Student: 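The structure that follows is given in the form of structure tokens.
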Amino acid sequence: MKRYIYSIILGALTLSACDKGPQLTVGGTIEGAADSVLYLAHCSLDGIHNVDSVTLAGSGSFTLRAAAPSGSPDFYVLRSGRHIINLTADSSETITVRAKLASMERDYEVEGNEGCKLLKEICQKRQQLQARLVKIEKNEDMYPGDMIDSVNNLIAAYKEDMKQSYIYSKPSSAAAYFAVCQDITDLRGTFKLFNPLSERTDVKCYATVATAWDAAYPEADRTEQLCNMAIKGMNNTAAPQQSVLEVDEDKVAETGIIDITLPDVNSKMRSVSELKGKVVMIDFTLFGAQQSAQRTRLMRSLYEKYHSRGLEIYQISLDEDVHFWKFSCDNLPWICVHETDGSASRIYNVNALPTFFLVNRDNEIVTRSDFMEGSLEENILKLL
């Protein structure tokens, strides 16, 4: 599925009415816009559609309405001519906008939804970046190589700011989605700032937001979009062969269990032995590996079905990027720990990822994934 949120492109838009159900209200004033038409457009995954409009009087005051979002954040744009303001809403709320038409997209006030303020920050930073890029491109005294280096450095710094300020700081937010899906234009044309289909490091950003949205809004179309993009990116950018961990076979236990104690996302030490009396899935994994998002969704389904009957998951991440791991598993309901030295994986004779073990209620290893017969669910049910 190829559906993206792009920067707003002005063009022919279809007017559709919204006159029933919960309403999103956008009101306020646009000064210096008498006789101008102001549109409220909904930015859906299949395009941008006008939902309401008004011809402004001398006062510039307006009230526009749209069907309220249901279940997850949604995106809108307030537009008059070439001037636009990006908005986001979560429910049937009232958003107030105050601006002057001439500087509408650069300088405005917005109240009623904190996400709108973050979108404003992102848009202002992007406008500043674009202005600096244009200035470089018009500098006739720069050599072409220096020009490209300067452009790349500016974009890299902007990209890092997006990661730290909006994507990794709260990946389940509308701002994180908006940031990871934005476009940039430079002398080479318009392109995706984060492109998971060709850049391995960008896959992590998409996977982080996808995992957070899947936890917060599992039924949303945008969640499916993010997950699909992350999975495609993992497939496209995967190394030809995953690295194999060295194994110390003398330390492998055929029966019973060797305890593991590792820190979780809150730096609390968690042990497998504390779970005695439960059926435990010890899972060695990489959140940055192929199919990780899809696999996590399967594990969540099993956990929700059988946790109340005694199933627990003890998931060990071997991701090198600890920051990425923390955000990837921040909203997962089971125990997520991280190791950096590979000691547990060596002791458990793990030579490929992912690999998991099933442990019975007596803390005894019953089987491991590469020797298991039947489906994971079937084997869990036998132990329960």
Side-chain angles (χ1 to χ4, degrees), residues 163-164 167-172 176 200-216 230 233-234 237-239 242-248 251-253 257-276 278 280-300 302-303 307 311-359 363 365 368-369:
K163 291 180 185 179
Q164 303 304 328
I167 295 173
Y168 290 154
S169 61
K170 191 176 181 182
S172 62
R200 183 66 178 174
T201 55
D202 291 353
V203 175
K204 292 184 178 181
C205 294
Y206 261 84
T208 297
V209 180
T211 301
W213 272 62
D214 187 45
M234 290 173 187
T237 63
Q242 290 186 359
S243 60
V244 178
L245 298 169
E246 293 184 3
V247 179
D248 184 353
K251 294 183 179 179
V252 177
I257 188 170
I258 299 176
D259 199 13
I260 303 171
T261 302
L262 291 167
D264 66 12
V265 292
N266 298 312
S267 300
K268 180 181 178 181
M269 301 305 291
R270 302 299 302 270
S271 300
V272 174
S273 58
E274 71 187 60
L275 303 176
K276 187 174 183 178
K278 297 182 179 181
V280 182
M281 177 183 178
I282 303 175
D283 183 56
F284 291 85
T285 192
L286 283 172
F287 282 97
Q290 294 184 47
Q291 307 297 327
S292 177
Q294 185 177 35
R295 185 170 182 267
T296 298
R297 297 182 80 161
L298 171 63
M299 290 174 64
R300 179 185 288 276
L302 292 173
Y303 188 86
H307 177 63
L311 173 67
E312 188 55 80
I313 298 175
Y314 186 94
Q315 190 168 48
I316 306 164
S317 163
L318 277 76
D319 292 271
E320 293 182 3
D321 189 336
V322 176
H323 192 69
F324 169 67
W325 160 70
K326 285 186 177 181
F327 280 110
S328 296
C329 67
D330 186 48
N331 292 306
L332 296 180
W334 52 79
I335 298 170
C336 297
V337 297
H338 185 269
E339 76 163 3
T340 56
D341 61 1
S343 57
S345 54
R346 285 194 295 271
I347 290 172
Y348 274 77
N349 194 21
V350 174
N351 54 24
L353 296 173
T355 291
F356 64 82
F357 299 80
L358 290 182
V359 179
N363 254 183
I365 293 177
R368 59 183 285 161
S369 54

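Nothing here was measured: the structure is a model prediction, and the numbers come from that model.
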Student: Do E339 and S345 get their side chains close enough for a donor-acceptor pair, meaning under 3.5 Å?
Tutor: yes
Student: Would you please name every residue forming a salt bridge (Lys or Arg N to Asp or Glu O under 4.0 Å) with D283, sequence neighbours left out?
Tutor: R295
Student: Going from OG1 on T211 to CZ on R297, what distance comes out if it is rounded to the nearest 0.5 angstrom?
Tutor: 10.0 Å
Student: Within this structure, what is the CG-OG1 distance for the pair L318 and T355, rounded to the nearest 0.5 Å?
Tutor: 10.0 Å
Student: With the side chain counted from C-beta on, respond yes when F357 and V272 share a heavy-atom pair under 4.5 Å apart, and no when they do not.
Tutor: no
Student: Y168: which residues meet the ring pair (Phe, Tyr, Trp, His ring centres under 6.0 Å) condition with it, sequence neighbours left out?
Tutor: H323, F327
Student: Taking side chain as C-beta onward, heavy atoms only, is R300 less than 4.5 Å from D214?
Tutor: yes
Student: With a 4.5 Å heavy-atom cut-off, do L302 and I313 have their side chains touching?
Tutor: no
Student: Any idea which heavy atoms bring P171 and A176 closest together, and the distance?
Tutor: O-CB, 3.6 Å
Student: Just how far is it from atom CG of L286 to atom OG of S317, taken to the nearest 0.5 Å?
Tutor: 6.5 Å
Student: Taking C-beta and beyond as the side chain, do E312 and H307 meet within less than 4.5 Å on heavy atoms?
Tutor: yes
Student: Starting at OG1 of T296, measure out to CH2 of W334 and round the result to the nearest 0.5 Å.
Tutor: 6.0 Å
Student: S273 pairs by side chain to side chain donor-acceptor pair (under 3.5 Å) with which of T261, N363, D259?
Tutor: D259
Student: Does a sphere of radius 6.0 Å around NZ in K163 hold more than 12 heavy atoms from other residues, nucleotides or ligands, not counting ones at 6.0 Å or beyond?
Tutor: yes
Student: For a quick test of reading the model, state the closest non-hydrogen atom pair linking D319 to G288 and the distance between them.
Tutor: OD1-N, 2.9 Å
Student: How long is the span from the OH atom in Y314 to the CG atom in L275, to the nearest 0.5 Å?
Tutor: 8.0 Å
Student: Is there a side-chain contact between F284 and R368 in this structure, where contact means two heavy atoms from C-beta onward sitting under 4.5 Å apart?
Tutor: no
Student: Output, in order, the C-alpha distance, side-chain angles, deciding distance and verdict of side chain to side chain contact (heavy atoms under 4.5 Å, CB included) for T208 and F287.
Tutor: CA-CA 9 Å; T208 297; F287 282 97; over 6 Å; no
Student: Could you tell me which residues satisfy ring pair (Phe, Tyr, Trp, His ring centres under 6.0 Å) with F356, sequence neighbours excluded, listed by chain and number?
Tutor: none
